[in-house]
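These notes concern the structure reproduced below.
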2 protein chains.
Amino acid sequence: MLRAYMDRKGLRSTDQRKLIVETFFCADNHVSIEELLAQVRESDRRVGYATVYRTLKLLAECGVANERSFGDGLTRYELADEAAHHDHLICVECADIVEFEEPAVEELQERVARRYGFELRSHKHELYGVCPRCQAKRGGANGN
Amino acid sequence: MLRAYMDRKGLRSTDQRKLIVETFFCADNHVSIEELLAQVRESDRRVGYATVYRTLKLLAECGVANERSFGDGLTRYELADEAAHHDHLICVECADIVEFEEPAVEELQERVARRYGFELRSHKHELYGVCPRCQAKRGGANGN
DNA sequence: TTACGTGCAAATTTTTTGCATGCAC
DNA sequence: GTGCATGCAAAAAATTTGCACGTAA
């Protein structure tokens, strides 16, 4: 996918790009540019912020990565593949994250996209709530 | 909700806050600070950016508004109530946002939450893709 | 050789914050 | 009167971009 895109666009395969892409594939699921840069620099101290920035932009454009932001003021990137088949249940109290798969939702998404004429690329589906543990912790009291 | 929160926290009800909140309630569903400020200034030219910024932060804290970002580099705000029943289709090329409702998804969400013992509070569901217009725009020409 | 890619630093853009003054309570 | 709120402008953050030099093709 990336390969084809690069060929089509006449883009070059440089050491930096190879390193950044490889690092990104092995990194945590939601890295920021800064985080990724730090990891990249463990292998090659000379790589610049702008190169990581531009490479991730490239990955996002060709559909290999998705840009996301979680309200912490940073843009984060995730592998599109990984994202494709899991969604998240997030506890609003302890921030625990549980992944779930729900094929029926996937299918519904396709249907909605089709209804609006969209060519679906990716999705984000997050359910926020209180996990069982935190519910137990609260007992009868209600937070607000 | 806002009222209670403000009382509890000892916050004051000022003309600016009243105006900003009122404007926010009547505004488009995903306003940025800038957009909201412009509208607020139609009523009162002296209101500052920082006040709008701080007021929306306040609304977000007490649960009346949700902060969201759609990858266009701006933080946007939406009414929490409104958010409860619609989701978004977002064009990755022109950043256009279409709202949709899909009761079946809502129901599935409930089911998933129940399956994991979560007490559902809210959710985010965004489908990213290419809108019809941008597909057409690419038409015969190379999609790049 | 040609023109894309890189690194650096500067420029932009957006969000936050400090402070003197105003005003709700 | 007290202390939160406001407006302005400055500061921080984060993202983009210009440019001279390096290098894949």
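Chain A is the first sequence line, chain B the second, and so forth, proteins listed ahead of strands; every chain is numbered from 1. When reading the values below, keep in mind they use all heavy atoms of this one structure, side chains included, and skip hydrogens, waters and symmetry mates.
- Taking 4.0 Å as the cutoff to heavy atoms of chain A, we find the contact window on DNA chain D bounded by D:dA14 to D:dA25.
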### Query
Can A:Gln16 and A:Arg46 be said to form a side chain to side chain contact (heavy atoms under 4.5 Å, CB included), step by step?
CA-CA 9 Å; A:Gln16 290 93 328; A:Arg46 309 142 156 283; over 6 Å; no
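- Classification of the A:Phe24-A:Tyr77 ring pair by plane angle, with boundaries at 30° and 60°, yields perpendicular.
- The aromatic rings of B:Phe100 and B:His125 sit perpendicular to each other, their planes meeting at more than 60°, with 30° as the lower class boundary.
- Scanning all heavy atoms of the two residues, the minimum distance from B:Ser13 to B:Lys18 falls at OG-CE, 3.3 Å.
- Regarding contacts with the backbone of C:dT16, a side-chain N or O of B:Lys57 is found under 4.0 angstrom from either OP1 or OP2.
- The residue A:Lys18 sits apart from the nucleic acid: no heavy atom pair falls under 4.0 Å.
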### Task
Could you go through the salt bridge (Lys or Arg N to Asp or Glu O under 4.0 Å) check for B:Glu107 and B:Arg111 one step at a time?
CA-CA 6 Å; B:Glu107 198 202 309; B:Arg111 198 183 309 165; 3.2 Å; yes
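- In this structure, B:Gln135 contributes its side chain and A:Gly117 its backbone to a donor-acceptor pair below 3.5 Å.
- If you measure from atom OH of B:Tyr53 to atom P of C:dT13, you get 20 Å, rounded to the nearest angstrom.
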### Task
Step by step, work out the ring pair (Phe, Tyr, Trp, His ring centres under 6.0 Å) result for A:His86 and A:His88.
CA-CA 7 Å; A:His86 316 37; A:His88 304 276; 7.3 Å; no
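- Of the possible donor and acceptor atoms, none in the side chain of B:Arg68 sits under 3.5 Å from a partner among the backbone N and O of B:His30.
- Under the 4.5 Å side-chain heavy-atom criterion for ILVMFWY residues, a single connected hydrophobic cluster contains both A:Leu79 and A:Ile20.
- Direction of the helix axis in the helix from C:dT1-D:dA25 to C:dC25-D:dG1 shifts by 40° between the two five-pair termini, rounded to 10°.
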Using a cutoff of under 3.5 Å, can you pull out all pairs of nitrogen or oxygen atoms linking the protein to nucleotides 1-11 of chain C, with atom names and distances?
residue, atom, partner, partner atom, Å
C:dA3, N3, A:Arg12, NH1, 3.2
C:dA3, N3, A:Arg12, NH2, 3.3
C:dC4, O4', A:Arg12, NH1, 3.3
C:dC4, O4', A:Arg12, NH2, 3.3
C:dC4, O2, A:Arg12, NH1, 2.8
C:dG5, OP1, A:Arg12, N, 3.3
C:dG5, OP1, A:Arg17, NH1, 2.6
C:dG5, OP1, A:Arg17, NH2, 3.0
C:dT6, OP1, A:Thr14, OG1, 2.7
C:dT6, O3', A:Gln16, NE2, 2.7
C:dG7, OP1, A:Gln16, NE2, 3.3
C:dG7, OP1, A:Arg46, O, 3.3
C:dG7, OP2, A:Gly48, N, 3.2
C:dG7, OP2, A:Thr51, OG1, 2.3
C:dG7, N7, A:Arg54, NH2, 3.1
C:dG7, O6, A:Arg54, NH2, 3.2

### Task
Any chance you could lay out the side chain to side chain donor-acceptor pair (under 3.5 Å) test for A:Asp87 and A:His123, step after step, and finish with the verdict?
CA-CA 9 Å; A:Asp87 294 307; A:His123 71 271; 2.9 Å; yes
